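By convention in this document, chain letters (A, B, ...) are assigned in the order of the sequence lines, proteins followed by strands, and residues within each chain are numbered from 1. As the structure is a computational prediction, the values presented were derived from the model and not from experiment.
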Number of protein chains: 2
Amino acid sequence: MTIHAEAPADRVTPTAVEDERVSLAVSTVIFALRPHPVTGEPTIWLPLVRRIREPHLGRWALPGGPLRPDEDLAASARHTLERTTGFAPRYLEQLYAFGRIDRSPDRVVSIVYWALVRAEEDAHGVVGDNVEWFVADEVPALAFDHNEIIEYALTRLRAKITYSPIAYRFLPEEFTLAQLREVYEAVLGRRLDPANFRRQALRHLEPTGRCLSGRNHRPPALYRFPAPASPSPLTFAKEESR
Amino acid sequence: MTIHAEAPADRVTPTAVEDERVSLAVSTVIFALRPHPVTGEPTIWLPLVRRIREPHLGRWALPGGPLRPDEDLAASARHTLERTTGFAPRYLEQLYAFGRIDRSPDRVVSIVYWALVRAEEDAHGVVGDNVEWFVADEVPALAFDHNEIIEYALTRLRAKITYSPIAYRFLPEEFTLAQLREVYEAVLGRRLDPANFRRQALRHLEPTGRCLSGRNHRPPALYRFPAPASPSPLTFAKEESR
DNA sequence: GCAAAAGTGTTTCAATTACACCCATGT
DNA sequence: ACATGGGTGTAATTGAAACACTTTTGC
């Protein structure tokens, strides 16, 4: 109990569930970009795990688990990420704490993080029997309120990408402007003007000097996102750094 | 335990603090606008409560308390708000879940809300021996990480007011444009051009027809913020409605 | 040469900013 | 009358959007 200064008698002794404590879990919505199975266009994917116990046994759910007493919140999210994708997050931020009383038979508050990872091929290797990747807006009916949570995470991703340079975290170290634009188009769900996009994007990128040849058109230049000079120029949204 | 699908043996049995559970508290940063004690200009204030037990006995802290198993997160925040200011919140939103391992001697995760209330005179009445209002950027050294939390809440308030119409929640039902502008000036900490502010603000306001006389200049018109037609046009940030 | 995408230039439009100016009221 | 803020008008600036056009590669 942290900050309880006043405790009127009528609030100390609740109805019935007296000795029952509230338990705390940490889950993570992990986003990656991969080609859509039918259209082939870059699409948002996420990994889900199959529940191996009640409640909701057998249904798909967000990866996560109970918070260990010796573990920070973000560290917990990082671990589920490692378990599920085998990668360290390229971006990790707290999403929201979900605590509705009726979201689970027992009383569980879930602190949910969202993460961006690269869609390397290796990621496939980690997928076991109980982990499977889904296209983000084609997920089945999930356990608990996890559909809601994913909806909200997508909202946040789409909002954040418009004002914060996180798109490059889906991509390899060096990338073309077309690749970066495809990330934006996949997330926002609409086409962007290549000319205008280029001008805006270049304000935040630095050229590597190299370029990508081999396709049947003019070879595009490769860029990288410069590491920020100060530890965090504007810690606006409490991003968890590595 | 909600969504634990995989539990490798090395993670089930932690180091030492095995049976120790993590406990959960809900705290609220409550903002109101009042004249600054020396300059008299509108300023952000917030109420703090004095701790009546260890740890940090005697220090000021955010109002809050342990989460009851039969209570939703926002409901818990609403109660501390009622206890502390005697008012229902005019605005309530989840801020962040703070869970650093070292933030308290025992392991506590605090889910923090932030709220806006009107600075009615009545609010003074509720202030007991253990509750006191402080100017937001003149708070003393607080218990736990509560100084940090308040800093972050202020950041969020200042950011949010620039893109979301929450300023009017500091004000009575009907208000003048000058009052509304003073809210923005107090929160943002800089003067705004009255002419330009008016044009922008009018896009979201509706006139009441009445105006405010009695001052030694042209009487300003009174406006109100129209109730949104749909339940929530853009539930962008999971605002908790009443 | 042709297709396809990279990359440049230009025009239009909307929103913000700065600031000059008039209006209505109490003293 | 005049001080004080309420309220209107307007020109300058900025950035986003639309789109025509040139460049460079593979075939």
First and last nucleotide of DNA chain D, 5' to 3', lying under 4.0 Å from heavy atoms of chain A: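 In short, chain A contacts DNA chain D from dA16(D) to dG26(D).
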
Check each residue of residues 193-210 of chain B for a non-hydrogen atom within less than 4.0 Å of any atom in DNA chain C, then write out the ones that pass by number, or none.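 The stretch gives Asp193(B), Ala195(B), Asn196(B), Arg199(B), Arg203(B) as the residues lying under 4.0 Å from the strand, ordered by number.
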
Nucleic acid contacts - residues 176-183 of chain A versus DNA chain C, non-hydrogen atoms under 4.0 Å: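 The stretch gives Ala178(A), Arg181(A) as the residues lying under 4.0 Å from the strand, ordered by number.
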
Could you tell me whether [X] and [Y] have a side-chain N and a carboxylate O separated by less than 4.0 Å?
| X | Y | answer |
| --- | --- | --- |
| Glu82(B) | Arg78(B) | no |
| Arg103(B) | Glu148(B) | no |
| Glu93(B) | Lys160(B) | yes |
| Arg190(A) | Glu185(A) | no |

Taking side chain as C-beta onward, heavy atoms only, is Pro194(A) less than 4.5 Å from Leu192(A)?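 No; the side chains remain at least 4.5 Å from each other.
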
Within a strict 4.5 Å, meaning less than it, do heavy atoms of the Val29(B) and Leu154(B) side chains meet?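 Not in contact.
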
Roughly how many Å is it from [atom1] in [X] to [atom2] in [N], rounded to a whole number?
| X | N | atom1 | atom2 | value |
| --- | --- | --- | --- | --- |
| His217(B) | dT25(C) | NE2 | C1' | 8 Å |
| Leu222(A) | dA6(C) | CG | P | 12 Å |
| Tyr223(A) | dA6(C) | OH | P | 11 Å |
| Arg215(A) | dA4(C) | CZ | P | 12 Å |
| Arg191(B) | dC19(C) | CZ | C1' | 18 Å |

is_close_aromatic(Tyr223(A), Phe175(A)), centroid dist under 6.0 Å: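 For Tyr223(A) and Phe175(A), the ring centres are not under 6.0 Å apart.
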
Within the 6.0 Å centroid threshold, strictly below: Phe170(A) and Tyr168(A):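 Centroid distance Phe170(A)-Tyr168(A): not below 6.0 Å, so no.
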
Take Gly214(A) and Pro220(B), find for each the nucleotide of DNA chain D with the closest heavy atom, and name the residue whose nucleotide sits nearer the 5' end.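 Going by which nucleotide is closer to the 5' end, it is Pro220(B).
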
Distance-only check: which donor-acceptor pairs under 3.5 Å involve side-chain atoms of residues 197-204 of chain B, not counting sequence neighbours?
unit_1	atom_1	unit_2	atom_2	d
Arg199(B)	NH2	Asn196(B)	OD1	2.9

Which side-chain hydrogen bond (donor to acceptor under 3.5 Å, both in side chains) pairs, counting each pair once, include a residue from residues 209-220 of chain B, with sequence neighbours left out?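 Only Glu174(B)-Arg210(B) qualify under side-chain hydrogen bond (donor to acceptor under 3.5 Å, both in side chains).
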
Report the residues that fulfil salt bridge (Lys or Arg N to Asp or Glu O under 4.0 Å) with Glu138(A), sequence neighbours left out, ordered by chain and then residue number.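 With neighbours one apart ignored, the set is empty.
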
